[in-house]
Amino acid sequence: MQSPVIEKLSESRDDVKFVKMDVDANPETPQSFGIMAIPTMIIKKDGEVVEKLVGYHTKEQLEEALAKYTA
């Protein structure tokens, strides 16, 4: 349900890198970030986690979150 929203957002945001991970195939990575629920979106800036968004978010909500960290 979240993937189509992120895919649409990624089409309009060349300044942001979007990646998706199969947490079943890579269980160590979500554990290292303290992810307890899916979907969880992590916003990183300059290599550091600056925000985690848990659960479904609309395109507008995601744009608002990204706006805090992009110029």
Side-chain angles (χ1 to χ4, degrees):
M1 192 167 148
Q2 188 68 67
S3 288
V5 175
I6 294 173
E7 288 169 13
K8 185 146 183 94
L9 181 60
S10 71
E11 293 171 3
S12 64
R13 295 297 303 254
D14 292 337
D15 61 326
V16 177
K17 180 179 180 181
F18 293 87
V19 295
K20 183 166 51 171
M21 174 176 282
D22 179 349
V23 296
D24 292 326
N26 302 286
E28 298 85 17
T29 302
Q31 288 175 0
S32 71
F33 284 101
I35 294 173
M36 304 296 285
I38 304 298
T40 295
M41 288 148 287
I42 297 174
I43 299 174
K44 293 176 79 177
K45 182 171 177 124
D46 300 326
E48 299 293 324
V49 174
V50 292
E51 190 165 343
K52 288 184 189 178
L53 304 169
V54 179
Y56 175 81
H57 290 77
T58 66
K59 183 174 181 266
E60 293 76 20
Q61 290 170 319
L62 295 175
E63 286 173 336
E64 185 177 315
L66 290 172
K68 292 186 264 183
Y69 308 105
T70 59

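The chain is numbered in sequence order, starting from 1.
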Rounded to the nearest 0.5 Å, what's the gap from [atom1] on [X] to [atom2] on [Y]? Could you check?
X   : Y   : atom1 : atom2 : answer
K44 : K17 : NZ    : NZ    : 9.5 Å
I6  : M1  : CD1   : CE    : 12.0 Å
E60 : L9  : CD    : CG    : 9.5 Å
E7  : E11 : CD    : CD    : 8.0 Å

Legend entry - Over 12 non-hydrogen atoms of neighbours within 6.0 angstrom of NZ in K20: no
Inset, instruction - Answer yes or no: does atom NZ of K52 have more than 12 heavy-atom neighbours from other residues, nucleotides or ligands under 6.0 Å? - result: yes
Inset, instruction - Mind listing the closest non-hydrogen atom pair of L66 and F18 along with its distance? - result: CD1-CZ, 4.1 Å
Legend entry - Considering all heavy atoms, the nearest M41-H57 contact: CE-ND1, 3.6 Å
When the side chains of residues 24-40 are checked against the rest of the protein, which donor-acceptor pairs come out under 3.5 Å, sequence neighbours left out?
from: N26; atom 1: ND2; to: D22; atom 2: O; distance (Å): 3.1
from: S32; atom 1: OG; to: T29; atom 2: O; distance (Å): 2.7
from: T40; atom 1: OG1; to: A37; atom 2: O; distance (Å): 2.4

Inset, instruction - Establish whether V19 and I43 are linked, either directly or via other cluster members, by ILVMFWY side-chain heavy-atom contacts under 4.5 Å. - result: no
Inset, instruction - Would you kindly confirm whether V5 and V16 end up in one hydrophobic cluster when ILVMFWY residues are joined by side chain heavy atoms under 4.5 Å apart? - result: yes
Inset, instruction - For K68, check salt bridge (Lys or Arg N to Asp or Glu O under 4.0 Å) against everything at least two apart and list the hits. - result: E51
